[in-house]
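These notes concern the structure reproduced below.
Fair warning: this is a prediction, and the values are worked out from it, not measured in the lab. If you read the sequence from its start, that first residue is 1, and numbering goes on from there.
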Amino acid sequence: MNGDWEFHLRLLSQNARDSSANDVSTDPSLLESVKKLYEMCKNENSEDLIARVYSHMNKLFQRCIAAMSQAQTSNGLLHLAILQFFLDFGEVVLHDANSSLRAFFRSCLSRQFAAPVVAESTLNFLFLNKTRFLNSFPSLLPQFFPLLLKLIAWNGEKLEKSFIKIFVGMVATGSFLPLFQSLVDLPILVVALEKVERSSGSLIGSNIASIQKSAAPEMLLALMDEAYTGSTIEDGGGDSGDDDSGSIDVADPVFLDLLKDENDGLAERHWVSSGMAAALQAVTGTPQSDRLRQALQMAPRFLDIYFTIALREVNDSLICALIPLLMARNSTLFPDKLYASKVRKRLREFILAAFHRSPGFVAMLKKPIIDRLGEAYDSPEKTELALELCWAIGEHGGGGISQKDTARELFESLELLLYENLSSSRLGLSQDPTIGSSNNSTTRKSSQARLLCFVVTAIAKLATYHRDLLPRARVSLAKVARSRNSLDMRVWRRARDYLGLMNEPAICLSVLGPSRGCDQGPGTINWSEGGSKMVSHIPFYILCEQEGPPFHDFSLSDVISSR
C-alpha cells in the first residue's frame, strides 16, 4: 500500500510542475493515479495523507486550467476527478471548491461540452453531488445553465435522463425567467451550434466565444480597405458564390445570446433580426438533422418539468412576471408544426394553472390580457390564447370581488370583441379572402363560433360575479339572441340560455359564478359537495330542461333508506 501511495503521489508531483512542454492530458496513467489516491484517502481517513495529496492535487488542477487553451485532447475527466476530491475533503484542508468549480465550467466544460464522454461524466458528477450543490453552491448551476443546455442540445436524447436529474438545480430566482426563454429556443440553439461547427470546425477543444469574435479582424481589414482604396465591402448575399445561402451570422446579437455560457439576466430575443430570419429560412428549406429532431422532442418535456417546478416552488412574483412572456412567445416559436403545437398547449395550460393558483393575476395582468384579446383575429394560435384568456376572465371574476374597475375594463374588452364579431366575420382577416378556399372559410367560421361562445360565457360569468355589470351583460346577450339567423346556432343558444339563467339569481350564481372566492348566499349550490349533500331546492324538471310539472313522483324515501 505504501509503495503504491508513493508511486501515485510522485506521478502527481511530476505532472504538477509548471512545464508547458508537456500536456498533462496525454498521460493516461495520471487520471488513474488521481482516482487511486482519492480512494486511499477515503479508506485511510488520514488528515495527514489528505493534506499531502491535496497539495499536489491543487497544483495539478491549476496547471490543467491554465493549459486548457493549448490542450489538444480532453482532460475533462481529470478535472472532474480532482473536483470530487475537493468536494469530499475540502473541509479537512479548508479548500472552498466554489472557485474551482467555476474555473471548470469556464475553462474546461465550455470547450469540452461537445465531447460525449466529458458531457456524460459531467452530468453524473453533478447528480452525484446534487444535494451538495443545492446546499453549498446554490447559484452555480443557475449561473451556468446556458452551458448545460448547450451540452444537452449537442449530445441529445442519450443524456436526457441524466440531464433531467439535475434540472431542478438550474431553477433559481435569477435564472427562472431566462431559463424559460432558453428552453423554448432549444431547437434554435441546435441550429446555431451546427452552424458554428460547419463554419469553424469541431466544437470540441474550442471556445465558441472566441469563434464568434474571429470575424472581427476581417471586418476591420475590410473597413480599412474601403477607407484607403475606395473599394466597397463585399456583400455576402446570393451573388457571393457561397453555397450556404441560408447561413447564420453567428455575430448576430440573437446568436451571441443563444451561444453564451453564463446566465446574465433576461435578454430580449429579436425574432425580427436578420440572423434569426436567415436561420429560420434555412431550417424550413432543408431536412432536419438528428440533433434538431431530438431537440424538438426534448424541449416540450423539459418545459413540463419547468412548469411543474414553477407551480410547486416558485413565488407569485416570478410567476406573474412569467405569464406575459408566455403570452408573447405563444406566437414566436420554432417553425415546426408538431413542436409548436406541443409547446403552445403547455403554455396555455400553465397560464390557466397560474390563474387558478392566484386569481388576482387576472387583475394584475389586465394590460397584456387586453392586448391579447385585441390580437384574437391575427392568427389561429392567437385565437386559441384569446379563448383561454376569456375563460380565465370569467372564471376568476376579473381578478376578484374588489377589482370592480379592472373587471369593468375587461368587460368592455369582451364587449368590443363580441360586437366586432356580430358586425362582421373578422376572424382570419390577415388572410386574403380572395384566395381562401371553402375549407378555410369553414374553419374560420368554426373558430369564430368557438371564440364567440367563450366571449358570451365570459360576459355572463363576469356580470354574475360583479352584479353592477348585469344590465350591460343583458344588453350584449340580447343582441346575440336577436342575431339567430346570422350566427352559429351554438352561440345563439348559449346567449339565450344565459339570459334565462339571469332571471334566477341563485341558480345563475351557482352555474355561472366562480368555483371559489365568492360569498355564497341563500339558495346557492356548491357543486363540489354534490356527492355528499342533497340539492333539494332546485326543481328537478329545471335540471332536466323540462317544462311544466315533474314527470315523475319523487320522495325522500327513494334516496333515504328506512331503518
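More than 12 non-hydrogen atoms from other residues, nucleotides or ligands lie less than 6.0 angstrom from CD of E313. Atom NZ of K130 has more than 12 neighbouring heavy atoms from other residues, nucleotides or ligands inside a 6.0 Å radius.
Between F61 and F104, the distance from one ring center to the other does not fall under 6.0 angstrom.
For the residue pair H79 / S107, no side-chain donor-acceptor distance below 3.5 Å is found, with atom types taken as modelled. No hydrogens or angles considered: a donor-acceptor pair under 3.5 Å links the side chains of D88 and Q84. In this structure, a donor-acceptor pair under 3.5 Å is absent between the side chains of S175 and N263. Side chain to side chain, Q112 and N75 fail the donor-acceptor criterion of an N or O pair below 3.5 Å.
Under a 3.5 Å cut-off, the side chain of N155 and the backbone N or O of F113 do form a donor-acceptor pair. Judged by distance alone, the side chain of N98 and the main-chain N or O of L101 form no donor-acceptor pair under 3.5 Å. Judged by distance alone, the side chain of K260 and the main-chain N or O of P146 form no donor-acceptor pair under 3.5 Å.
Considering CD of E197 and CZ of R291, their distance stands at 6.0 Å, rounded to 0.5 Å. In this structure, CD1 on I351 lies 7.0 Å from CG on N330, to the nearest 0.5 angstrom.
Closest of all the heavy-atom pairs between L258 and L189 is O-CD1, 3.3 Å. Taking all atoms of both residues into account, the shortest heavy-atom contact from P300 to V343 is CG-CG2, 4.3 Å. Closest of all the heavy-atom pairs between F302 and F163 is CZ-CD2, 3.6 Å. Listed here is the closest heavy atom pair of L147 and S110: CD1-CA, 3.8 Å. For V314 against R357, the heavy-atom pair with the smallest separation is O-NH2, 3.2 Å. Residues G398 and T406 share a closest heavy-atom pair of O-CG2, 3.9 Å.
Under the salt bridge (charged side-chain N to carboxylate O under 4.0 Å, His left out) criterion, R52 pairs with no residue, sequence neighbours left out. Taking the side chain to side chain contact (heavy atoms under 4.5 Å, CB included) definition, one finds that E157 meets it with E160, Q294, Q297, M298, R301, sequence neighbours left out. Partners of F105 by ring-ring contact (aromatic ring centres under 6.0 Å, His included), not counting sequence neighbours, listed by chain and number: F144.
Contact check for F85 versus L37: no side-chain heavy atoms found under the 4.5 Å cut-off.
Using the six-membered ring where Trp is involved, F355 and F361 have ring planes that are perpendicular, over 60° apart on the 30 and 60° scheme.
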